[in-house]
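Here is the naming used below: chain letters follow the sequence lines, and residue numbers restart at 1 for every chain.
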Amino acid sequence: MVLPDLPNAVEGKVVVRYPPEPSKHPHIGQMLSFCINHLIAEKYKGRRVLRFDDTNPERIKEEFYEGFREAISWMELKIDQEVLASNYMDTYYEKAEGLIKNGDAFVCSCEREAFSKLRAEGKSCQCNLNNATEKNIDLFEQMMKGEFSVGEAVLRLRGDMQSDNSALRDPVLLRISEFPHAIQGDKYHIWPMYDFESPIMEEITGVTHIFRSIEFGKMREELQSLISKKLNIIPPEFYEYSRFNIIGAPTQGRVIRELVEEGVVNGWDDYRLVTYQALKNRGIQPQVFSEIVERVGITKSTTNIDWSLIFSINRKIIEPRSKHYFFVDEPIEIVLLNPEPVELEISLHPYNKDLGKRKVKVNETLYLSGTDKKLLKENEILRMKDLYNIKIVKKINEKKYEAEIFGDELLPKIPRLQWVSEPVKIEIVKPEMLYLNNRINKDSLEYITGFGEKSISNLKIGEIVQLERFGYTKVNKKNDKIKMNYIHG
RNA sequence: GCCUCGAUGGUGUAGCUCGGCCAAUCAUUGCGGACUCUCACUCCGCAGACCCGGGUUCAAAUCCCGGUCGAGGCACCA
(Lines give C-alpha, C1' and ligand atoms only; values in the text may rest on other atoms or scores of the structure.)
Protein backbone atom coordinates (compact mmCIF):
# COMPACT_ATOMS: atom_id res chain seq x y z
CA MET A 1 0.00 0.00 0.00
CA VAL A 2 1.08 3.54 -0.57
CA LEU A 3 0.85 5.70 2.49
CA PRO A 4 -1.10 8.85 1.88
CA ASP A 5 0.75 12.01 0.96
CA LEU A 6 0.21 14.35 3.81
CA PRO A 7 -0.61 18.00 3.53
CA ASN A 8 2.07 20.28 4.98
CA ALA A 9 4.47 17.44 5.50
CA VAL A 10 8.11 18.35 5.11
CA GLU A 11 10.66 15.60 5.24
CA GLY A 12 12.46 15.67 8.55
CA LYS A 13 9.91 17.97 10.17
CA VAL A 14 7.02 15.62 10.72
CA VAL A 15 6.18 14.68 14.29
CA VAL A 16 3.64 11.97 15.11
CA ARG A 17 2.42 10.49 18.34
CA TYR A 18 1.41 7.25 19.95
CA PRO A 19 -1.16 8.32 22.53
CA PRO A 20 -2.27 5.38 24.68
CA GLU A 21 -4.25 5.73 27.86
CA PRO A 22 -2.60 3.48 30.44
CA SER A 23 -5.88 1.97 31.56
CA LYS A 24 -5.70 -1.43 29.89
CA HIS A 25 -3.50 -3.89 28.13
CA PRO A 26 -2.55 -3.00 24.57
CA HIS A 27 -4.61 -4.68 21.87
CA ILE A 28 -4.27 -5.05 18.16
CA GLY A 29 -6.18 -1.90 17.28
CA GLN A 30 -3.73 0.23 19.20
CA MET A 31 -0.78 -1.76 17.95
CA LEU A 32 -1.83 -1.15 14.36
CA SER A 33 -2.40 2.47 15.19
CA PHE A 34 1.14 2.74 16.52
CA CYS A 35 2.38 1.11 13.33
CA ILE A 36 0.53 3.62 11.18
CA ASN A 37 2.15 6.49 12.98
CA HIS A 38 5.51 4.81 12.86
CA LEU A 39 5.19 4.22 9.14
CA ILE A 40 4.26 7.84 8.53
CA ALA A 41 7.29 8.92 10.51
CA GLU A 42 9.45 6.56 8.47
CA LYS A 43 8.09 7.96 5.23
CA TYR A 44 8.89 11.54 6.21
CA LYS A 45 11.92 10.80 8.39
CA GLY A 46 10.00 12.27 11.26
CA ARG A 47 9.92 12.00 15.02
CA ARG A 48 7.65 9.84 17.19
CA VAL A 49 6.36 10.81 20.58
CA LEU A 50 4.98 8.27 22.99
CA ARG A 51 2.48 10.23 25.00
CA PHE A 52 0.56 8.67 27.84
CA ASP A 53 -2.86 10.28 28.03
CA ASP A 54 -3.12 9.69 31.73
CA THR A 55 -5.32 12.55 32.79
CA ASN A 56 -8.21 10.51 34.10
CA PRO A 57 -6.96 9.33 37.49
CA GLU A 58 -9.97 7.07 37.87
CA ARG A 59 -9.01 4.84 35.01
CA ILE A 60 -5.29 4.59 34.86
CA LYS A 61 -3.06 2.10 36.60
CA GLU A 62 0.66 2.17 36.91
CA GLU A 63 1.18 -1.35 35.56
CA PHE A 64 -0.24 -0.42 32.18
CA TYR A 65 2.37 2.17 31.28
CA GLU A 66 5.03 -0.47 30.93
CA GLY A 67 2.76 -2.69 28.86
CA PHE A 68 2.58 -0.10 26.12
CA ARG A 69 6.29 0.63 26.17
CA GLU A 70 6.91 -3.06 25.89
CA ALA A 71 4.48 -3.63 23.03
CA ILE A 72 5.95 -0.75 21.06
CA SER A 73 9.52 -1.84 21.46
CA TRP A 74 8.58 -5.46 20.81
CA MET A 75 7.19 -4.41 17.44
CA GLU A 76 10.51 -2.66 16.82
CA LEU A 77 8.89 0.73 16.51
CA LYS A 78 10.97 3.75 17.38
CA ILE A 79 10.22 6.17 20.17
CA ASP A 80 12.08 9.48 20.06
CA GLN A 81 10.44 11.02 23.07
CA GLU A 82 8.21 9.87 25.89
CA VAL A 83 5.93 12.15 27.86
CA LEU A 84 3.25 11.79 30.48
CA ALA A 85 0.35 14.16 30.01
CA SER A 86 -0.07 14.18 33.78
CA ASN A 87 3.33 15.83 34.16
CA TYR A 88 1.97 19.04 32.66
CA MET A 89 -0.79 19.91 35.08
CA ASP A 90 0.53 23.39 35.77
CA THR A 91 0.52 24.13 32.08
CA TYR A 92 -3.14 23.15 31.76
CA TYR A 93 -3.97 25.39 34.69
CA GLU A 94 -2.06 28.33 33.23
CA LYS A 95 -3.69 27.92 29.85
CA ALA A 96 -7.07 27.64 31.52
CA GLU A 97 -6.52 30.89 33.38
CA GLY A 98 -5.52 32.54 30.14
CA LEU A 99 -8.77 31.38 28.63
CA ILE A 100 -10.78 32.72 31.55
CA LYS A 101 -9.05 36.09 31.33
CA ASN A 102 -9.91 36.31 27.66
CA GLY A 103 -13.51 35.50 28.41
CA ASP A 104 -13.25 32.17 26.63
CA ALA A 105 -13.96 29.98 29.64
CA PHE A 106 -16.14 30.08 32.71
CA VAL A 107 -16.70 28.12 35.86
CA CYS A 108 -19.99 26.29 35.75
CA SER A 109 -21.82 24.86 38.71
CA CYS A 110 -24.85 23.51 36.87
CA GLU A 111 -25.99 20.00 37.56
CA ARG A 112 -25.05 17.54 34.94
CA GLU A 113 -28.58 16.70 33.81
CA ALA A 114 -29.65 20.31 33.84
CA PHE A 115 -26.78 21.27 31.61
CA SER A 116 -27.36 18.44 29.28
CA LYS A 117 -30.93 19.64 28.84
CA LEU A 118 -29.76 23.15 28.05
CA ARG A 119 -27.33 21.71 25.60
CA ALA A 120 -30.11 19.87 23.83
CA GLU A 121 -32.15 23.06 23.70
CA GLY A 122 -29.23 25.16 22.56
CA LYS A 123 -29.45 27.57 25.49
CA SER A 124 -26.61 29.00 27.57
CA CYS A 125 -26.55 28.38 31.29
CA GLN A 126 -26.73 31.07 33.96
CA CYS A 127 -23.07 30.60 34.93
CA ASN A 128 -22.04 31.48 31.42
CA LEU A 129 -24.35 34.49 31.31
CA ASN A 130 -23.80 35.89 34.77
CA ASN A 131 -20.30 35.22 36.00
CA ALA A 132 -17.90 38.08 35.34
CA THR A 133 -14.29 37.37 34.44
CA GLU A 134 -13.06 38.34 37.91
CA LYS A 135 -15.49 36.00 39.56
CA ASN A 136 -14.52 33.17 37.26
CA ILE A 137 -10.87 33.60 38.14
CA ASP A 138 -11.81 33.49 41.78
CA LEU A 139 -13.92 30.41 41.39
CA PHE A 140 -11.25 28.65 39.38
CA GLU A 141 -8.67 29.30 42.09
CA GLN A 142 -11.01 27.78 44.61
CA MET A 143 -11.39 24.77 42.35
CA MET A 144 -7.65 24.32 42.20
CA LYS A 145 -7.34 24.53 45.96
CA GLY A 146 -9.88 21.79 46.33
CA GLU A 147 -12.61 23.93 47.83
CA PHE A 148 -15.31 22.34 45.71
CA SER A 149 -16.17 18.72 45.83
CA VAL A 150 -16.59 16.39 42.92
CA GLY A 151 -19.34 17.46 40.56
CA GLU A 152 -19.86 20.87 42.13
CA ALA A 153 -17.98 22.83 39.52
CA VAL A 154 -16.29 22.47 36.15
CA LEU A 155 -14.49 24.84 33.85
CA ARG A 156 -16.23 25.16 30.51
CA LEU A 157 -15.20 26.62 27.21
CA ARG A 158 -17.44 29.43 26.04
CA GLY A 159 -18.35 27.71 22.83
CA ASP A 160 -21.50 28.01 20.80
CA MET A 161 -24.61 26.54 22.35
CA GLN A 162 -26.33 26.57 19.01
CA SER A 163 -23.67 24.86 16.99
CA ASP A 164 -24.69 21.85 14.93
CA ASN A 165 -21.67 20.23 16.42
CA SER A 166 -22.76 19.46 19.95
CA ALA A 167 -19.15 19.05 21.03
CA LEU A 168 -18.89 22.83 20.68
CA ARG A 169 -21.76 23.54 23.06
CA ASP A 170 -19.75 24.83 26.03
CA PRO A 171 -17.75 21.67 26.62
CA VAL A 172 -15.97 20.90 29.86
CA LEU A 173 -12.26 21.73 29.92
CA LEU A 174 -11.35 20.71 33.44
CA ARG A 175 -13.23 18.83 36.10
CA ILE A 176 -12.74 17.84 39.71
CA SER A 177 -11.54 14.41 40.69
CA GLU A 178 -10.21 13.49 44.06
CA PHE A 179 -9.20 10.04 42.95
CA PRO A 180 -5.50 9.46 43.66
CA HIS A 181 -3.47 9.38 40.46
CA ALA A 182 -1.21 6.37 39.88
CA ILE A 183 1.82 8.56 39.27
CA GLN A 184 0.95 12.02 40.59
CA GLY A 185 -0.72 10.90 43.79
CA ASP A 186 -3.23 13.25 45.40
CA LYS A 187 -1.42 16.44 44.47
CA TYR A 188 -4.12 17.69 42.08
CA HIS A 189 -7.82 18.22 42.47
CA ILE A 190 -8.77 19.15 38.97
CA TRP A 191 -7.99 17.28 35.80
CA PRO A 192 -8.14 18.31 32.15
CA MET A 193 -10.46 16.63 29.69
CA TYR A 194 -8.97 14.93 26.67
CA ASP A 195 -10.00 17.72 24.29
CA PHE A 196 -8.18 20.28 26.39
CA GLU A 197 -5.14 18.21 27.28
CA SER A 198 -4.57 16.97 23.77
CA PRO A 199 -4.01 20.25 21.87
CA ILE A 200 -1.73 21.47 24.63
CA MET A 201 0.35 18.30 24.61
CA GLU A 202 0.46 18.42 20.83
CA GLU A 203 1.92 21.90 21.09
CA ILE A 204 4.42 20.94 23.77
CA THR A 205 5.70 17.92 21.87
CA GLY A 206 5.55 19.63 18.48
CA VAL A 207 3.19 17.13 16.89
CA THR A 208 2.47 18.05 13.29
CA HIS A 209 0.25 15.19 12.14
CA ILE A 210 -2.36 13.24 14.02
CA PHE A 211 -3.41 9.81 12.81
CA ARG A 212 -6.21 8.42 14.88
CA SER A 213 -9.21 6.23 14.39
CA ILE A 214 -12.62 7.70 13.67
CA GLU A 215 -13.88 7.02 17.16
CA PHE A 216 -12.43 10.42 18.01
CA GLY A 217 -14.58 11.90 15.33
CA LYS A 218 -14.67 15.01 13.25
CA MET A 219 -16.52 16.82 16.01
CA ARG A 220 -13.57 16.44 18.33
CA GLU A 221 -11.24 17.65 15.64
CA GLU A 222 -13.30 20.80 15.28
CA LEU A 223 -13.38 21.32 19.03
CA GLN A 224 -9.68 20.76 19.43
CA SER A 225 -8.93 23.10 16.57
CA LEU A 226 -11.11 25.73 18.23
CA ILE A 227 -9.33 25.27 21.55
CA SER A 228 -5.99 25.53 19.77
CA LYS A 229 -7.09 28.74 18.12
CA LYS A 230 -8.16 30.31 21.42
CA LEU A 231 -4.84 29.23 22.88
CA ASN A 232 -2.93 30.72 19.95
CA ILE A 233 -1.66 27.34 18.93
CA ILE A 234 -1.45 26.17 15.35
CA PRO A 235 -3.36 22.89 15.28
CA PRO A 236 -1.78 19.81 13.72
CA GLU A 237 -3.11 18.18 10.58
CA PHE A 238 -5.74 15.60 11.42
CA TYR A 239 -6.20 12.39 9.57
CA GLU A 240 -8.63 9.70 10.52
CA TYR A 241 -9.05 6.08 9.64
CA SER A 242 -11.58 3.43 10.49
CA ARG A 243 -11.31 0.94 13.25
CA PHE A 244 -9.79 -2.44 12.56
CA ASN A 245 -11.85 -5.53 13.26
CA ILE A 246 -10.42 -8.98 13.34
CA ILE A 247 -13.06 -11.36 12.06
CA GLY A 248 -14.11 -13.67 14.87
CA ALA A 249 -12.32 -11.80 17.66
CA PRO A 250 -13.49 -8.99 19.90
CA THR A 251 -11.46 -5.84 19.34
CA GLN A 252 -13.03 -3.54 21.89
CA GLY A 253 -11.28 -3.33 25.22
CA ARG A 254 -14.56 -3.27 27.08
CA VAL A 255 -15.78 -6.48 25.47
CA ILE A 256 -12.51 -8.25 26.14
CA ARG A 257 -12.66 -7.19 29.76
CA GLU A 258 -16.14 -8.71 30.09
CA LEU A 259 -15.06 -11.98 28.50
CA VAL A 260 -12.15 -12.20 30.91
CA GLU A 261 -14.29 -11.36 33.92
CA GLU A 262 -17.00 -13.82 32.97
CA GLY A 263 -14.44 -16.54 32.46
CA VAL A 264 -15.34 -17.11 28.82
CA VAL A 265 -11.66 -16.81 28.03
CA ASN A 266 -8.74 -17.71 30.25
CA GLY A 267 -7.38 -14.21 30.69
CA TRP A 268 -6.07 -11.30 28.69
CA ASP A 269 -3.48 -13.53 27.09
CA ASP A 270 -5.92 -16.18 25.89
CA TYR A 271 -4.83 -17.21 22.39
CA ARG A 272 -8.22 -16.49 20.91
CA LEU A 273 -7.90 -12.84 21.82
CA VAL A 274 -6.14 -10.13 19.90
CA THR A 275 -4.40 -8.48 22.80
CA TYR A 276 -0.68 -7.84 22.68
CA GLN A 277 0.07 -10.61 25.17
CA ALA A 278 -2.15 -13.14 23.44
CA LEU A 279 -0.77 -12.49 20.00
CA LYS A 280 2.78 -12.53 21.23
CA ASN A 281 2.35 -15.70 23.25
CA ARG A 282 0.57 -17.37 20.42
CA GLY A 283 3.59 -16.89 18.20
CA ILE A 284 2.65 -13.99 15.98
CA GLN A 285 5.87 -12.21 15.08
CA PRO A 286 6.48 -8.54 15.88
CA GLN A 287 7.04 -7.56 12.25
CA VAL A 288 3.59 -8.75 11.28
CA PHE A 289 1.75 -5.66 12.47
CA SER A 290 3.40 -3.06 10.28
CA GLU A 291 3.02 -5.45 7.41
CA ILE A 292 -0.71 -5.72 8.09
CA VAL A 293 -0.99 -1.95 7.91
CA GLU A 294 0.86 -1.90 4.62
CA ARG A 295 -1.39 -4.56 3.19
CA VAL A 296 -4.79 -3.38 4.38
CA GLY A 297 -4.13 0.30 4.06
CA ILE A 298 -5.51 3.28 5.88
CA THR A 299 -9.11 3.97 4.93
CA LYS A 300 -12.28 5.37 6.39
CA SER A 301 -14.43 2.33 5.80
CA THR A 302 -14.43 -0.37 8.42
CA THR A 303 -11.57 -2.75 7.84
CA ASN A 304 -12.30 -6.39 8.57
CA ILE A 305 -9.03 -8.17 8.84
CA ASP A 306 -9.18 -11.87 8.29
CA TRP A 307 -7.04 -14.14 10.42
CA SER A 308 -5.84 -15.72 7.20
CA LEU A 309 -4.01 -12.50 6.36
CA ILE A 310 -2.26 -12.48 9.71
CA PHE A 311 -1.38 -16.14 9.30
CA SER A 312 -0.10 -15.68 5.80
CA ILE A 313 2.23 -12.87 6.80
CA ASN A 314 3.35 -14.69 9.90
CA ARG A 315 3.93 -17.97 8.08
CA LYS A 316 6.26 -16.33 5.60
CA ILE A 317 8.31 -14.93 8.45
CA ILE A 318 8.60 -18.10 10.52
CA GLU A 319 8.75 -20.64 7.69
CA PRO A 320 12.47 -20.30 6.85
CA ARG A 321 13.56 -20.48 10.47
CA SER A 322 11.31 -23.13 11.93
CA LYS A 323 12.66 -26.59 12.53
CA HIS A 324 10.56 -29.41 11.13
CA TYR A 325 9.41 -32.38 13.15
CA PHE A 326 6.93 -35.18 12.85
CA PHE A 327 3.89 -35.34 15.06
CA VAL A 328 1.08 -37.86 14.97
CA ASP A 329 -2.35 -37.07 16.22
CA GLU A 330 -4.50 -39.95 17.61
CA PRO A 331 -1.55 -42.32 17.18
CA ILE A 332 -1.94 -45.70 15.56
CA GLU A 333 0.64 -48.32 16.38
CA ILE A 334 2.36 -50.11 13.53
CA VAL A 335 4.19 -53.28 14.49
CA LEU A 336 6.85 -54.25 12.00
CA LEU A 337 7.09 -57.97 11.36
CA ASN A 338 10.56 -57.78 9.85
CA PRO A 339 12.19 -55.02 11.91
CA GLU A 340 15.63 -53.66 11.12
CA PRO A 341 17.19 -51.36 13.71
CA VAL A 342 17.97 -48.07 11.99
CA GLU A 343 19.65 -44.90 13.16
CA LEU A 344 19.36 -41.94 10.86
CA GLU A 345 19.71 -38.20 10.67
CA ILE A 346 16.97 -36.14 9.11
CA SER A 347 17.30 -32.50 8.10
CA LEU A 348 15.48 -30.08 10.34
CA HIS A 349 14.51 -27.96 7.37
CA PRO A 350 14.17 -28.78 3.69
CA TYR A 351 16.37 -25.94 2.44
CA ASN A 352 17.68 -24.02 5.42
CA LYS A 353 20.61 -26.30 6.17
CA ASP A 354 21.82 -24.05 9.00
CA LEU A 355 19.16 -25.56 11.22
CA GLY A 356 21.02 -28.88 11.14
CA LYS A 357 19.68 -32.36 11.60
CA ARG A 358 18.01 -34.52 14.20
CA LYS A 359 18.90 -38.10 15.08
CA VAL A 360 16.20 -40.72 15.00
CA LYS A 361 16.27 -44.39 16.01
CA VAL A 362 13.79 -46.86 14.59
CA ASN A 363 13.22 -50.43 15.68
CA GLU A 364 10.08 -52.53 15.53
CA THR A 365 7.34 -49.99 16.25
CA LEU A 366 6.14 -46.93 14.38
CA TYR A 367 3.24 -44.62 15.07
CA LEU A 368 1.15 -43.05 12.37
CA SER A 369 -1.47 -40.37 12.61
CA GLY A 370 -5.10 -41.33 13.05
CA THR A 371 -5.92 -38.75 10.40
CA ASP A 372 -4.21 -41.06 7.87
CA LYS A 373 -6.24 -44.04 8.97
CA LYS A 374 -8.08 -44.36 5.68
CA LEU A 375 -4.77 -45.28 4.04
CA LEU A 376 -4.26 -48.28 6.30
CA LYS A 377 -5.62 -51.05 4.17
CA GLU A 378 -4.18 -54.50 3.82
CA ASN A 379 -1.46 -54.75 1.18
CA GLU A 380 -1.30 -50.96 0.88
CA ILE A 381 2.25 -49.70 0.41
CA LEU A 382 3.06 -46.46 2.21
CA ARG A 383 6.18 -44.33 2.31
CA MET A 384 7.49 -43.44 5.72
CA LYS A 385 8.93 -40.06 4.87
CA ASP A 386 12.76 -40.01 4.99
CA LEU A 387 12.79 -43.66 6.08
CA TYR A 388 11.50 -46.59 4.01
CA ASN A 389 8.32 -48.08 2.63
CA ILE A 390 6.01 -50.33 4.56
CA LYS A 391 3.31 -52.67 3.45
CA ILE A 392 0.28 -53.07 5.67
CA VAL A 393 -0.25 -56.72 6.50
CA LYS A 394 -3.07 -56.91 8.97
CA LYS A 395 -5.32 -54.86 11.16
CA ILE A 396 -5.18 -56.01 14.77
CA ASN A 397 -7.63 -53.42 16.09
CA GLU A 398 -8.54 -49.77 15.57
CA LYS A 399 -5.29 -48.63 17.11
CA LYS A 400 -2.91 -51.31 16.02
CA TYR A 401 -1.74 -52.73 12.71
CA GLU A 402 0.93 -55.14 11.54
CA ALA A 403 3.15 -54.22 8.63
CA GLU A 404 6.39 -55.14 7.00
CA ILE A 405 9.26 -53.10 5.66
CA PHE A 406 8.97 -53.01 1.93
CA GLY A 407 12.30 -51.68 0.68
CA ASP A 408 13.58 -48.12 0.79
CA GLU A 409 13.38 -47.19 -2.84
CA LEU A 410 11.28 -44.09 -3.32
CA LEU A 411 8.29 -45.35 -5.24
CA PRO A 412 6.27 -42.94 -7.33
CA LYS A 413 2.78 -41.90 -6.31
CA ILE A 414 2.49 -43.58 -2.98
CA PRO A 415 1.39 -41.62 0.08
CA ARG A 416 4.27 -40.16 2.06
CA LEU A 417 3.49 -40.12 5.72
CA GLN A 418 4.99 -38.63 8.83
CA TRP A 419 5.73 -41.12 11.57
CA VAL A 420 7.12 -41.35 15.08
CA SER A 421 9.38 -44.07 16.43
CA GLU A 422 10.45 -42.88 19.88
CA PRO A 423 7.30 -41.19 21.07
CA VAL A 424 7.01 -38.31 23.50
CA LYS A 425 3.59 -37.15 24.60
CA ILE A 426 2.53 -33.78 23.32
CA GLU A 427 -0.55 -31.76 24.08
CA ILE A 428 -1.40 -28.99 21.67
CA VAL A 429 -3.89 -26.22 22.32
CA LYS A 430 -5.54 -25.10 19.15
CA PRO A 431 -7.47 -21.83 19.17
CA GLU A 432 -10.30 -21.26 16.73
CA MET A 433 -12.43 -18.20 16.18
CA LEU A 434 -14.01 -17.00 19.40
CA TYR A 435 -17.06 -15.74 17.57
CA LEU A 436 -18.90 -17.54 14.84
CA ASN A 437 -21.88 -15.75 13.31
CA ASN A 438 -21.74 -13.26 16.17
CA ARG A 439 -22.09 -15.96 18.78
CA ILE A 440 -19.53 -17.18 21.21
CA ASN A 441 -18.03 -20.34 19.83
CA LYS A 442 -17.95 -22.68 22.81
CA ASP A 443 -15.63 -25.12 21.08
CA SER A 444 -13.10 -22.50 20.16
CA LEU A 445 -10.33 -24.14 22.12
CA GLU A 446 -9.35 -27.61 21.06
CA TYR A 447 -6.89 -29.82 22.91
CA ILE A 448 -5.06 -32.27 20.72
CA THR A 449 -2.86 -34.97 22.13
CA GLY A 450 -0.49 -37.17 20.25
CA PHE A 451 3.06 -38.38 19.87
CA GLY A 452 5.98 -36.33 18.71
CA GLU A 453 9.53 -37.26 17.90
CA LYS A 454 11.87 -37.64 20.83
CA SER A 455 14.06 -34.70 19.85
CA ILE A 456 11.15 -32.32 20.32
CA SER A 457 11.88 -32.61 24.02
CA ASN A 458 15.20 -30.85 23.43
CA LEU A 459 13.46 -27.70 22.23
CA LYS A 460 13.48 -24.56 24.30
CA ILE A 461 10.32 -22.97 25.64
CA GLY A 462 9.09 -20.42 23.15
CA GLU A 463 10.63 -22.11 20.14
CA ILE A 464 8.46 -22.23 17.04
CA VAL A 465 8.51 -25.35 14.90
CA GLN A 466 6.65 -26.79 11.99
CA LEU A 467 5.01 -30.11 12.68
CA GLU A 468 4.80 -31.41 9.15
CA ARG A 469 1.33 -31.72 7.70
CA PHE A 470 -0.04 -30.45 10.99
CA GLY A 471 0.95 -26.83 11.39
CA TYR A 472 3.22 -24.37 13.13
CA THR A 473 3.34 -24.64 16.89
CA LYS A 474 5.17 -23.03 19.76
CA VAL A 475 6.63 -24.79 22.75
CA ASN A 476 4.85 -23.65 25.82
CA LYS A 477 5.65 -25.86 28.78
CA LYS A 478 7.61 -28.98 29.42
CA ASN A 479 6.95 -31.32 32.30
CA ASP A 480 5.53 -34.83 32.15
CA LYS A 481 4.35 -34.01 28.67
CA ILE A 482 5.25 -31.26 26.27
CA LYS A 483 2.67 -28.56 25.84
CA MET A 484 2.55 -26.59 22.66
CA ASN A 485 0.19 -24.11 21.17
CA TYR A 486 -0.98 -24.17 17.64
CA ILE A 487 -0.18 -20.97 15.76
CA HIS A 488 -1.65 -21.65 12.35
CA GLY A 489 -1.43 -24.09 9.48
C1' G B 1 -33.46 11.82 17.21
C1' C B 2 -29.21 15.01 15.71
C1' C B 3 -24.13 15.45 13.43
C1' U B 4 -20.15 13.22 10.56
C1' C B 5 -18.09 9.59 7.44
C1' G B 6 -18.19 5.43 4.28
C1' A B 7 -19.96 1.60 0.32
C1' U B 8 -15.22 -2.13 -5.62
C1' G B 9 -14.73 -10.22 -5.74
C1' G B 10 -15.56 -14.44 0.58
C1' U B 11 -11.93 -10.71 2.97
C1' G B 12 -8.74 -6.37 2.37
C1' U B 13 -7.31 -2.86 -1.15
C1' A B 14 -5.85 0.24 -5.95
C1' G B 15 -8.44 3.33 -9.32
C1' C B 16 -12.57 8.27 -7.93
C1' U B 17 -9.35 14.79 -7.11
C1' C B 18 -8.40 15.80 -13.38
C1' G B 19 -14.80 10.73 -16.95
C1' G B 20 -12.16 7.41 -22.02
C1' C B 21 -5.57 3.79 -21.41
C1' C B 22 -10.73 -0.20 -16.27
C1' A B 23 -14.11 -6.29 -20.37
C1' A B 24 -11.07 -2.84 -13.14
C1' U B 25 -4.93 -3.46 -9.56
C1' C B 26 -2.47 -6.13 -5.97
C1' A B 27 -2.84 -9.29 -1.78
C1' U B 28 -5.47 -12.91 0.89
C1' U B 29 -8.80 -17.06 0.14
C1' G B 30 -10.54 -21.30 -2.87
C1' C B 31 -9.47 -24.70 -6.88
C1' G B 32 -5.91 -26.93 -10.45
C1' G B 33 -0.76 -27.74 -11.86
C1' A B 34 4.86 -27.59 -11.24
C1' C B 35 8.67 -28.18 -7.48
C1' U B 36 9.60 -30.77 -2.94
C1' C B 37 10.57 -37.65 0.40
C1' U B 38 5.03 -32.15 4.13
C1' C B 39 -1.14 -30.51 2.69
C1' A B 40 4.75 -25.67 4.51
C1' C B 41 7.71 -22.42 1.14
C1' U B 42 8.38 -21.02 -4.00
C1' C B 43 6.50 -20.80 -9.06
C1' C B 44 2.49 -21.11 -12.92
C1' G B 45 -2.73 -21.09 -14.12
C1' C B 46 -8.01 -20.51 -12.99
C1' A B 47 -12.29 -18.50 -10.02
C1' G B 48 -14.66 -14.21 -8.02
C1' A B 49 -16.43 -7.32 -7.42
C1' C B 50 -17.76 -1.40 -9.15
C1' C B 51 -24.79 -1.01 -3.15
C1' C B 52 -29.65 0.39 -5.78
C1' G B 53 -32.46 3.88 -8.94
C1' G B 54 -32.39 8.07 -11.95
C1' G B 55 -29.61 12.03 -14.50
C1' U B 56 -25.38 14.52 -17.30
C1' U B 57 -22.20 12.76 -21.46
C1' C B 58 -20.27 10.22 -27.67
C1' A B 59 -18.30 7.82 -23.05
C1' A B 60 -19.43 6.95 -15.74
C1' A B 61 -16.37 2.66 -10.73
C1' U B 62 -15.11 7.88 -11.47
C1' C B 63 -19.50 13.77 -12.01
C1' C B 64 -24.83 15.23 -10.13
C1' C B 65 -29.57 13.96 -7.54
C1' G B 66 -32.49 10.51 -4.66
C1' G B 67 -32.62 6.00 -1.89
C1' U B 68 -30.62 1.71 0.87
C1' C B 69 -27.19 -0.35 4.02
C1' G B 70 -23.02 0.17 7.33
C1' A B 71 -19.58 2.69 10.76
C1' G B 72 -18.45 6.51 14.30
C1' G B 73 -19.77 10.56 17.41
C1' C B 74 -23.58 13.31 20.35
C1' A B 75 -19.94 12.58 28.82
C1' C B 76 -17.70 16.24 34.53
C1' C B 77 -13.98 8.75 29.47
C1' A B 78 -9.87 8.68 26.26
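- Remark: P of B:rC41 and NZ of A:K323 are 21 Å apart, rounded to the nearest angstrom.
- The distance between the ring centers of A:Y65 and A:F52 falls below 6.0 angstrom.
- Contacts of A:Q418 with the nucleic acid, taken as non-hydrogen atoms under 4.0 Å apart, involve only primed sugar atoms and P, OP1 or OP2.
- At a threshold of 4.0 angstrom between heavy atoms, the contacts of A:L410 include nucleobase atoms, whether or not backbone atoms are also involved.
- Look at A:T303 and you won't find any side-chain N or O under 4.0 angstrom from OP1 or OP2 of B:rU11.
- Using a 4.0 Å heavy-atom criterion, one finds that A:R416 contacts the sugar-phosphate atoms exclusively.
- Base pairing of B:rA71: its partner is B:rU4, meeting the Watson-Crick or G-U wobble criterion (both donor-acceptor distances under 3.5 Å).
- Phosphate proximity of B:rA78 to A:T55: present, with a side-chain N or O under 4.0 Å from OP1 or OP2.
- A:R220 has no side-chain polar atom (N or O) that falls below the 4.0 Å cut-off from OP1 or OP2 of B:rG73.
- The partner of B:rG45 is B:rC31, by the rule that a Watson-Crick or G-U pair needs both atom distances under 3.5 Å.
- The side chain of A:T299 sits closest to B:rA14 out of B:rA14, B:rC76, B:rC41.
- Applying the Watson-Crick and G-U wobble criteria (two distances, each under 3.5 Å), B:rC63 pairs with B:rG55.
- Of the N and O atoms on the side chains of A:N56 and A:R175, at least one donor lies less than 3.5 Å from an acceptor on the other residue.
- Between A:R119 and B:rA75 there is no side-chain N or O to OP1 or OP2 distance below 4.0 Å.
- For B:rU17, there is no paired base (Watson-Crick or G-U wobble, both distances below 3.5 Å).
- At the heavy-atom level, A:K385 lies under 4.0 Å from base atoms of the strands shown.
- A:K316 has a side-chain polar atom (N or O) that falls below the 4.0 Å cut-off from OP1 or OP2 of B:rU28.
- Residue A:V172 is classed as a sugar-phosphate contact, given heavy-atom separations below 4.0 Å to backbone atoms only.
- As judged by a 4.0 angstrom heavy-atom cut-off over every strand, A:Y472 is placed among residues touching the sugar-phosphate backbone only.
- Within the 4.0 angstrom heavy-atom criterion, only backbone atoms of the sugar-phosphate kind lie near A:E21; the bases stay farther away.
- Enclosure of atom CD in A:E111 is not indicated, since only 12 or fewer non-hydrogen atoms of other residues, nucleotides or ligands lie within 6.0 angstrom.
- A:D53 comes within contact range of the sugar-phosphate backbone alone, with a heavy-atom separation under 4.0 Å but no base atom that close.
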